[in-house]
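Heavy atoms only: backbone and side chains are in, while hydrogens, waters and symmetry mates are out.
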Amino acid sequence: MSMGEENKNKNEIKEEKAKKAELPKLRPGMTVRVHQKIKELTAKGEEKERIQIFEGIIISKKGEKGPGATIAVRKISAGVGVEKIFPIYSPVIVKIEPIKKAAVKRAKLYYLRDYKKRLKEVSV
């Protein structure tokens with residue numbers, strides 16, 4: 001590999017990191033829409049890629065800016081609670097867009113698992 005190609009690869013990596021660094025300030029209590037790439041096999045055996053959207057409330061966040069930073073997002077689907085943990089800086093995550101924000105007084109909102117009341121919305 002020549003010196004020019006190495007610099008090009010480093011620049012591409014820096015651009016990708018900068019793009020991921022533009023993520024919105026994610027906090028527990030925010031309702032977010034997470035766009036995730038999903039690979040599926042068709043009936044013919046071909047691999048097909050699509051984007052799946054998961055919308056829910058962030059109940060926890062681990063790691064601020066490290067490569068292992070994750071968020072746990074919870075939603076109620078057909079009366080059943082569904083939680084998913086997303087690695088923020090994974091190439092599988094296309095985009096995370098905030099929808100609304102709620103007033104919370106805790107860093108971890110695990111009490112929402114068996115809490116019946118709604119959170120109060122705050123302006124974003």
Side-chain angles (χ1 to χ4, degrees):
M1 201 186 300
S2 71
M3 190 66 146
E5 288 179 34
E6 272 186 42
N7 288 339
K8 185 177 178 184
N9 289 341
K10 286 180 183 177
N11 288 338
E12 288 175 8
I13 292 169
K14 284 181 184 177
E15 286 175 16
E16 196 170 303
K17 283 184 181 178
K19 191 172 95 173
K20 287 287 186 177
E22 294 172 7
L23 283 173
K25 188 76 172 160
L26 301 172
R27 317 286 296 148
M30 287 181 91
T31 301
V32 292
R33 219 177 258 146
V34 181
H35 298 255
Q36 181 181 21
K37 284 185 201 171
I38 303 286
K39 287 187 180 178
E40 298 177 330
L41 286 176
T42 61
K44 296 178 183 177
E46 300 168 350
E47 225 178 59
K48 189 177 174 185
E49 194 174 275
R50 67 182 180 89
I51 293 179
Q52 185 178 49
I53 299 172
F54 188 89
E55 184 175 337
I57 297 174
I58 297 176
I59 61 168
S60 73
K61 182 177 179 186
K62 292 184 182 172
E64 188 64 32
K65 293 183 180 172
T70 61
I71 56 171
V73 182
R74 179 180 174 84
K75 75 173 182 177
I76 306 295
S77 180
V80 179
V82 178
E83 286 183 18
K84 263 184 148 179
I85 298 172
F86 295 101
I88 296 174
Y89 299 106
S90 170
V92 176
I93 304 299
V94 177
K95 137 174 111 168
I96 300 174
E97 57 180 294
I99 306 299
K100 49 186 169 176
K101 190 176 178 182
V104 293
K105 295 181 180 180
R106 302 277 181 272
K108 308 286 190 226
L109 305 180
Y110 298 132
Y111 64 86
L112 290 178
R113 292 173 177 162
D114 48 27
Y115 190 64
K116 303 299 180 204
K117 292 184 180 175
R118 311 276 268 149
L119 296 174
K120 291 187 178 164
E121 192 176 328
V122 182
S123 61
V124 176

Test item: [X] and [Y] side chains (from C-beta on) under 4.5 Å apart, heavy atoms:
X	Y	result
Met30	Lys25	no
Val34	Ile93	yes
Val104	Arg27	no

Considering all heavy atoms, the nearest [X]-[Y] contact:
X	Y	value
Ser77	Val82	CB-CG2, 4.0 Å
Pro28	Ala107	CG-O, 3.1 Å
Ala102	Leu119	CB-CB, 3.6 Å
Lys37	Val94	CG-CG2, 3.6 Å
Tyr89	Ala69	CE1-CB, 3.9 Å

Taking atom [atom1] of [X] as the centre, report whether more than 12 heavy atoms of other residues, nucleotides or ligands fall under 6.0 Å from it.
X	atom1	value
Lys84	NZ	yes
Lys75	NZ	yes
Ile85	CD1	no

**Q.** Chi angles and distances behind the side-chain contact (heavy atoms from CB on, under 4.5 Å) call for Leu41, Glu47
**A.** CA-CA 5 Å; Leu41 286 176; Glu47 225 178 59; 4.1 Å; yes
How far does [atom1] of [X] sit from [atom2] of [Y], to the nearest 0.5 angstrom?
X	Y	atom1	atom2	answer
Ile57	Lys101	CD1	NZ	14.5 Å
Leu112	Ile76	CG	CD1	9.0 Å
Ile59	Arg74	CD1	CZ	6.5 Å

Q.
Between Lys95 (side chain only) and Gln36 (backbone N and O only), is there a donor and an acceptor less than 3.5 Å apart?
A.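 A pair under 3.5 Å: no.
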Side chain to side chain donor-acceptor pair (under 3.5 Å) partners of [X], counting only residues at least two apart:
X	answer
Glu40	Arg50
Glu97	His35
Arg33	Glu55

